[in-house]
Protein chains: 2
Amino acid sequence: MKRDRVTLTDVAAIARVDRAVVSRVINKDPTLNIRPETRERVLAAIEQLGYRPNVAARSLRTSRAHMFGLFIPDFANPVYAEIIKGAEAEAADQGSVLVTGSATRAGLGEYMDRLGQGRIDGLLLAGAPDEAGLAGQLDRAGIPWIMLNHRGRTVRRYVILDDERAAALAVEHLVRLGHRRVAHLAGPSGADTATRRSAGYSAAMRAAGLPEGPIVAAGYTPAGGAAGMARLLAAGERPTAVFVANVASAIGAMQAVRSAGLEIPRHVSIVAVHDLDLAGYLSPALTTVRMPLAELGRRGVTLLSVLKPDETVAEVLDGPIELIPRSSTAPPPDRS
Amino acid sequence: MKRDRVTLTDVAAIARVDRAVVSRVINKDPTLNIRPETRERVLAAIEQLGYRPNVAARSLRTSRAHMFGLFIPDFANPVYAEIIKGAEAEAADQGSVLVTGSATRAGLGEYMDRLGQGRIDGLLLAGAPDEAGLAGQLDRAGIPWIMLNHRGRTVRRYVILDDERAAALAVEHLVRLGHRRVAHLAGPSGADTATRRSAGYSAAMRAAGLPEGPIVAAGYTPAGGAAGMARLLAAGERPTAVFVANVASAIGAMQAVRSAGLEIPRHVSIVAVHDLDLAGYLSPALTTVRMPLAELGRRGVTLLSVLKPDETVAEVLDGPIELIPRSSTAPPPDRS
DNA sequence: TTGTATGCGTTATCAT
DNA sequence: ATGATAACGCATACAA
C-alpha cells in the first residue's frame with residue numbers, strides 16, 4: 001500500500017512528460033496542443049497512481065479555494081436542511097464543496113477565525129446573524145458574502161423568498177374555502193420574514209375585501225403559537241381560520257385549539273408557511289405553503305460565484321410557491 | 001479599505017522583525033526566546049493589519065488541513081443534525097472546522113474527488129455508505145476514517161451507540177407499567193442499528209420472563225411502520241404495547257392505530273428510539289429513549305485525531321441513555 | 001508540441 | 001534573541 005502521497009511530479013515521471021504538461025491536461029487547458037498519444041500516457045499514469053491534486057498547493061497558487069461557506073443558526077431546524085441541500089448541489093455543480101457552520105457553538109466571528117484566510121471563496125449567511133460589524137469584517141477579509149432569507153438593515157446584499165406571495169396563497173386558500181374571519185399569528189417582530197408574511201396577509205385580506213382579523217405576535221416557537229392562539233380564541237368573535245407564520249408556531253397553536261375543547265378543522269382551520277416533512281405527520285396533517293428553500297441555497301452559491309467584489313444584490317427569488325392542502329383546513333362551520 | 005490580503009511579510013515589516021519570528025509567535029513556539037517588547041510589537045502589528053494566516057500555505061507546508069469531514073445520507077434527518085452538532089463542537093475545540101457532505105446528490109466517491117487531496121485530516125462516515133472498496137479508497141488516499149453508528153462488515157473502524165441498552169430501557173418501561181404482551185416493530189433487516197435494537201428487545205423480554213411478542217420488520221419509514229402496525233393489530237392476540245425501532249416508523253404506527261379505531265395509549269402503548277424534537281409535537285406526544293447522538297459525533301472527531309494510521313477501533317459509546325416518558329405510554333387496559 | 005522557471009504564504013532548520 | 005533560506009505542490013507565462 002502506497003504510503004507517500006503522489007504528486008504531479010510522480011505522474012510526470014511515469015508518463016515521461018513534464019509536470020507542466022500533466023497540469024495542463026488535468027485542467028483541460030484549451031491552449032494546450034498535445035498529441036493524443038501523449039495525453040493517453042498522462043491519463044493512464046494518473047489512473048495508475050490514483051493521483052488527485054493537492055488542494056492546498058492549488059489553492060495557494062490560484063487563490064481559489066473551491067469551497068463555499070454556509071453559516072446557519074442551527075442544524076436541527078429543517079428549514080436550513082433544505083437550504084443546505086440546494087447550496088450543496090450548486091457547489092457540487094461547480095466542482096466545489098460546501099462547508100457549513102452553525103451558531104450553536106459560537107458566533108460568526110469565532111467561526112471566521114477558525115476558517116482562517118483563503119479557505120472559502122464566499123460565504124452564505126442564513127438566518128439573521130448579528131449584523132454589527134459583520135459586513136466590515138467580511139469585506140476586510142476580502143470574502144464575498146450574501147444574506148439568505150434576510151434583508152440586511154444597512155447593506156444590500158441578500159436574496160430572499162417571496163414571503164408576501166406565500167402569505168397571499170395561504171389567505172386565498174382560506175377565503176376560497178369560505179372563511180371570512182381570518183386571523184393571523186405573526187412571527188417575532190424583529191424577524192424580517194415575519195414582517196413580510198404579515199404584510200402579505202394584510203394585502204391579501206384587503207384584496208379579498210375582508211377586514212383584517214386580529215393579528216397577534218406569536219413568535220416562531222410552539223410556546224408562542226400556543227399563547228397567541230389562546231388569545232385569539234378568547235377574543236369576542238372567534239376567527240374561523242388562522243394563518244400562522246411558521247410551522248413551529250402552528251404546532252403550538254394546534255395544541256391550544258385542542259386545549260380549548262375545539263377541533264381542527266371543524267371549528268378552526270390552520271395553515272402555515274414552509275412545507276416541512278413534519279407537517280404531514282401532525283394530526284391533523286397541516287396545510288402549508290411550500291417555499292423554494294433549496295432553490296434559495298442554490299441561488300446563493302450561484303450569486304456568490306458570479307458577483308463582482310463590490311456589486312450589491314437585492315433579489316426576491318423567483319421560484320415556485322405552492323399551497324399544499326392537507327387536513328387542517330376546511331370550510332368554516334356554517335352558523336349563519 | 002485594504003484590498004490586498006495581508007501576509008506574514010507585511011506583519012514582519014511593520015513589526016521590524018523577520019517573518020520567521022512572527023510565525024513562531026503566532027504558533028506559540030515554546031523554543032522561541034523572545035523579549036516581551038518584541039512580542040508586543042508583533043502582536044500589535046497583527047492586530048493593526050488584521051492579519052489572519054493563509055490556510056492554504058500553512059496546510060501545504062504542514063500537511064495538516066485543520067478540517068474534518070463528515071459524510072451523512074441526508075441533512076433532513078434530525079438524527080444527523082444532532083451528530084453534526086457534536087462533531088462540530090469537538091472540531092471547534094481543536095481549532096478545526098467541520099465540512100459536512102451528504103449523499104443527497106452523489107456517492108462518497110464523487111464527494112472525495114471534489115474534496116481533492118489534503119483537504120481534510122479525517123473523515124467520519126455516518127449512516128451506512130456503500131462499503132464496497134470504501135476502506136481501500138480512503139486508505140489509499142491516506143485519510144483516517146471512522147464509521148459512526150454502523151459496524152463495518154469487514155473492517156473494525158467504528159463507534160456505535162448502545163442500542164441494546166436503549167431497547168432494554170424501552171421494554172423495561174413498558175413492563176413496569178404492567179404490559180406483558182409487548183410486540184416489536186423492527187427496523188430494516190439490513191441496518192446494523194435495527195439488528196442491535198431487536199437484540200436488545202429480545203434480551204429484555206427474556207430478562208423480564210416474558211414471551212417474545214410478535215416481531216415485525218417495519219423499516220425506518222412511516223409507511224413501513226403503518227404496515228407493520230396493521231399486521232400487529234390484525235394478529236390473534238393484540239399486543240398492549242409496542243417497542244418501535246425509530247420515530248419515523250412510530251409515526252406511521254400511530255396512524256395505523258388510529259385507523260383501526262383504537263386509541264394511544266388507552267389500547268396500545270408506543271415507545272420509540274431517539275428523542276427528536278418532533279416526538280414531543282406528535283399527538284399523543286411520543287415516549288422515547290434518548291441516545292447521546294451529539295456525543296457520538298464528538299467522540300468520532302476525537303478518535304480521528306488521536307488514532308494511529310493503522311489502528312482499529314470498535315467502540316460502544318458510553319454515554320447517557322434515558323427514557324423520556326410522554327403521553328404515548330400508559331398502563332395496559334385491564335381485561336383480566 | 002513540450003519543457004523551464006518562478007512564485008503563491010507558510011513553517012522549520014540552521015545560522016548568526 | 002533574531003535572521004536567512006529552503007521546501008511544500010501546483011499553475012502559468014514564456015522559451016524552445
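Computed over heavy atoms, backbone and side chain alike; hydrogens, waters and symmetry mates excluded. It should be emphasised that the depicted structure is a prediction, and the values quoted were computed from it without experimental measurement. Protein chains get the first letters and strands the later ones, always in sequence-line order, with residue 1 at the start of each.
Glu88(A) and Ser102(B) share a donor-acceptor pair across their side chains, judged by distance under 3.5 Å alone.
Judged by closest nucleotide on DNA chain D, Ile34(B) is the one of Ile34(B) and Val21(A) placed further toward the 5' end.
Scanning both residues, Leu161(A) and Leu293(A), for their nearest heavy atoms gives CD1-CD2, 3.8 Å.
As judged by a 4.0 angstrom heavy-atom cut-off over every strand, Ser59(B) is placed among residues making no nucleic acid contact. Note on Asn33(B): a base of the nucleic acid sits closer than 4.0 angstrom, heavy atoms only. Ser63(B) comes within 4.0 angstrom of no nucleic acid atom, judged by non-hydrogen atoms across all strands. Across all strands, Leu8(A) comes closer than 4.0 Å only to sugar-phosphate atoms, never to a base (heavy-atom distances). At the heavy-atom level, Ser23(A) lies under 4.0 Å from base atoms of the strands shown. At a threshold of 4.0 angstrom between heavy atoms, the contacts of Asn27(B) are confined to the sugar-phosphate backbone, with no base atom among them.
Checking dA4(D), dT10(C), dC10(D) against every side-chain atom of Ala20(B), the shortest atom distance belongs to dA4(D). When each of dC10(D), dT4(C), dG3(D) is scored by its nearest atom to the side-chain atoms of Asp18(A), the top-ranked nucleotide is dT4(C). The side chain of Tyr51(A) approaches dC10(D) more closely than any other nucleotide in the set dC10(D), dT2(D), dG9(C). Closest contact between the side chain of Leu60(A) and the listed nucleotides dG9(C), dG3(C), dC8(D) involves dG9(C). Minimum atom distance to the side chain of Arg19(B) is reached by dT5(D), of the listed dT5(D), dG9(C), dT2(D).
Between Leu49(A) atom CG and dG9(D) atom C1' there is a gap of 15 Å when expressed in whole angstrom units. dC8(D) atom C1' lies 14 Å from atom CG of Asp10(A), rounded to whole Å. At whole-Å resolution of the value, CZ in Arg24(A) and C1' in dT2(C) are 8 Å apart. The distance between atom CD of Gln117(B) and atom P of dG9(D), rounded to the nearest whole Å, is 9 Å. Atom CZ of Arg41(B) is separated from atom P of dA1(D) by 14 Å (rounded to the nearest Å). Spacing between atom CG of Asp29(B) and atom P of dA1(D) amounts to 14 Å, rounded to whole angstrom units. One can place CZ of Arg58(B) at 19 Å from P of dC8(C), the figure rounded to the nearest angstrom. Separating the CG atom of Leu32(B) from the P atom of dT13(C) is a distance of 14 Å, rounded to the nearest angstrom.
Side-chain nitrogen and oxygen atoms of Arg5(B) include at least one within less than 4.0 Å of the OP1 or OP2 phosphate oxygen of dG9(C). For Thr38(A), a side-chain nitrogen or oxygen approaches OP1 or OP2 of dT2(C) to under 4.0 Å. Phosphate contact (OP1/OP2 of dT2(C), side-chain N/O of Arg35(A), threshold under 4.0 Å): present.
Here the options are Arg39(A), Glu40(A), Arg35(A), the test is side-chain contact (heavy atoms from CB on, under 4.5 Å), and the partner is Glu37(A); only Arg35(A) passes.
Between Arg299(B) and Glu90(B), no side-chain nitrogen of the basic residue sits less than 4.0 Å from a carboxylate oxygen of the acidic one, so the salt-bridge criterion is not met.
Rounding to the nearest 0.5 angstrom, the gap separating the CD1 atom in Ile83(B) from the CZ atom in Phe75(A) is 12.5 Å. The CG atom of Leu303(B) lies 13.0 Å from the CH2 atom of Trp145(B); values are rounded to the nearest 0.5 Å.
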